[in-house]
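Quick notes on the structure that follows.
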2 protein chains.
Amino acid sequence: MESTQNSITEEHVKIARYAKAMGHPIRMYVLELLSKQSCCYSGDLTEVLPIVKSTLSQHLKELKDAGLIQGEIEAPRIKYCINFENWKEAQDLFRKFLKMDVEGPIIKCK
Amino acid sequence: MESTQNSITEEHVKIARYAKAMGHPIRMYVLELLSKQSCCYSGDLTEVLPIVKSTLSQHLKELKDAGLIQGEIEAPRIKYCINFENWKEAQDLFRKFLKMDVEGPIIKCK
DNA sequence: TCCATTGTTCGTAATATTGCGAACAAAGGT
DNA sequence: ACCTTTGTTCGCAATATTACGAACAATGGA
């Protein structure tokens, strides 16, 4: 079933997907905030972030699509929280990835 | 000197920059390979990756621009290695970021 | 010197990202 | 029923990303 040359694994695709979602300062801010203080409303964010609500909505959608956060309707607002299932997966993937070569390479380059 | 509303810090910008560079399966593969086995030549990569050399060159350039890797001329080839100074910074940033809420939020969201 | 090898750069194209404002939808309160 | 609040969706524009092939540069070897 596999194509290409089995170099790129499903793990590379997964971690790249999470990394891509994290690849914007606004989204990193939101993730950090949520992972620190459980939940927040999107209105709280527009007050401190230098973007309009529609742009924020798009960033939140990206984080949602990547699986890192989830929204819960609490009318008339929406409460955003970390999606802890996927968050844990992302943590594990990054930890595994970052564990490598903490002390530098075996063969020092140059 | 700061503008906006001091929500987005320099750290958010930095980690987002690294995350963005990691936001593609090809680049994650290269980073993993290099962090595992010290160095490699770009020709080694084209052999196993399902992209042509010019595309690979662009991905390597992105990793270089983000500061995660460095190239060293070793004619007629170029030896690519992890840039360990920045790699360490990225590791620290991600570790700090990932450390948060390993066990879940204080206030469980529904 | 000419050729082969290696990798970058250029030109091109398709698609994705980022951002704004306006319009829209959903729900609660009066 | 109407209005307010909240957030999404739409339309638009500018720019970035991803990918390919062709052309180009640099270097070592024949």
Side-chain angles (χ1 to χ4, degrees), chain A residues 3-5 7-8 12-13 15-31 33-34 39-66 68-81 109, chain B residues 3-5 7-8 12-13 15-31 33-34 39-81 109-110:
Chain A
S3 62
T4 63
Q5 284 154 77
S7 45
I8 304 292
H12 293 124
V13 175
I15 193 170
R17 183 78 182 83
Y18 287 129
K20 190 176 183 182
M22 291 163 61
H24 193 289
I26 295 277
R27 296 196 290 266
M28 280 307 304
Y29 174 82
V30 172
L31 284 175
L33 189 76
L34 289 185
C39 296
C40 78
Y41 300 98
S42 117
D44 305 338
L45 295 170
T46 40
E47 276 170 32
V48 294
L49 292 174
I51 51 173
V52 301
K53 60 181 181 173
S54 61
T55 304
L56 175 63
S57 187
Q58 283 181 96
H59 283 300
L60 293 175
K61 178 169 159 47
E62 281 205 49
L63 289 172
K64 237 188 301 179
D65 290 348
L68 288 171
I69 67 170
Q70 59 195 16
E72 186 191 347
I73 294 165
E74 201 170 90
R77 298 178 293 178
I78 295 179
K79 188 166 73 174
Y80 281 102
C81 315
C109 188
Chain B
S3 61
T4 62
Q5 283 154 76
S7 45
I8 304 292
H12 293 124
V13 174
I15 194 170
R17 183 78 182 82
Y18 287 129
K20 190 175 181 181
M22 291 163 62
H24 192 288
I26 295 276
R27 297 196 290 266
M28 280 307 304
Y29 174 82
V30 172
L31 284 176
L33 189 75
L34 289 184
C39 297
C40 77
Y41 301 99
S42 117
D44 305 338
L45 295 170
T46 40
E47 278 169 32
V48 294
L49 292 174
I51 51 174
V52 301
K53 59 181 182 172
S54 61
T55 303
L56 174 63
S57 187
Q58 284 181 95
H59 283 301
L60 293 175
K61 179 169 160 44
E62 282 206 49
L63 289 172
K64 237 188 300 179
D65 290 348
L68 288 171
I69 68 170
Q70 59 195 17
E72 186 189 348
I73 294 165
E74 202 170 90
R77 298 177 293 176
I78 295 180
K79 187 166 74 174
Y80 281 103
C81 315
C109 190
K110 175 57 132 324

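Values below: every heavy atom of this structure, side chains too, minus hydrogens, waters and symmetry copies. Chain letters run A, B, ... following the sequence lines, proteins first and then strands; every chain starts at 1.
Within the structure, salt bridge (charged side-chain N to carboxylate O under 4.0 Å, His left out) pairs that include any residue of residues 15-24 of chain B do not occur (at least two apart or interchain). Each side-chain hydrogen bond (donor to acceptor under 3.5 Å, both in side chains) pair with one or both residues in residues 54-64 of chain A, not counting sequence neighbours, appears once here: A:R27-A:H59, A:R27-A:E62, A:K61-A:D65.
Taking atom CG of A:L56 as the reference point, atom P of D:dT8 lies 8 Å away to the nearest angstrom. Distance CD (B:E62) to P (C:dT17): 13 Å, rounded to an integer number of Å. As rounded to whole Å, 12 Å separates atom P of C:dG19 from atom CG of A:L60. Atom CZ of B:R17 is separated from atom P of D:dA16 by 12 Å (rounded to the nearest Å). The CD1 atom of B:I69 sits 9 Å away from the P atom of C:dT8 (whole-angstrom rounding). Note: CD1 (B:I78) to C1' (C:dT9) measures 13 Å, nearest angstrom. Nucleotide C:dT18 holds its P atom 13 Å from the CG atom of A:D65, rounded to whole Å. We find that CD of B:E74 is positioned 14 Å from C1' of C:dG7, with the value rounded to whole Å.
Residues B:S7 and A:L49 approach most closely at OG-CD2, 3.7 Å, considering heavy atoms. Summarising the geometry of B:A21 relative to B:L68, their closest heavy-atom pair is CB-CD1, 4.0 Å, with the distance given to 0.1 Å. Contact detail for A:Y80 and A:S42: the closest heavy-atom pair is CE1-CB, 3.8 Å. Here the closest non-hydrogen pair linking A:I78 and A:G71 is CG2-CA, 4.0 Å. Closest approach of B:L63 to B:V30, counting heavy atoms only: CD1-CG1, 3.9 Å. In this structure, A:V52 and A:T46 approach most closely via the heavy-atom pair C-CG2, 4.5 Å.
Residue A:Y80 has a polar side-chain atom (N or O) positioned under 4.0 Å from OP1 or OP2 of D:dT8. OP1 or OP2 of D:dT18 sits under 4.0 Å from a side-chain N or O of B:R27. Distances shown here put a side-chain N or O of A:H59 below 4.0 Å from the OP1 or OP2 atom of C:dG19.
Atom-to-atom distance recorded for B:K79:NZ and B:Q70:CD is 10.0 Å, nearest 0.5 angstrom. Atom CD1 in A:I69 sits 9.0 Å away from atom SG in A:C81 (nearest 0.5 Å).
For B:Y29, there are no side chain to side chain donor-acceptor pair (under 3.5 Å) partners at least two apart in sequence or on another chain.
Among C:dT8, D:dC20, D:dG7, the nucleotide with an atom closest to any side-chain atom of B:I51 is D:dC20. Checking C:dT9, D:dT8, D:dG7 against the side-chain heavy atoms of A:R77 singles out D:dG7 as nearest.
In this structure, A:L60 and A:L45 have side chains that are in contact, with non-hydrogen atoms separated by less than 4.5 Å.
Of the residues in residues 18-26 of chain B, those lying under 4.0 Å from DNA chain D by heavy-atom distance are B:K20, B:H24.
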**OP:** If a protein heavy atom is under 4.0 Å from the base, mark B; if only from the sugar-phosphate, S; if neither, -; do that for nucleotides 21-30 of chain D going 5' to 3'.
**Re:** BB----SS--
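End-to-end axis angle of the helix from C:dT1-D:dA30 to C:dT30-D:dA1, from C1' rotation axes over five pairs per end: 10° (rounded to 10 degrees).
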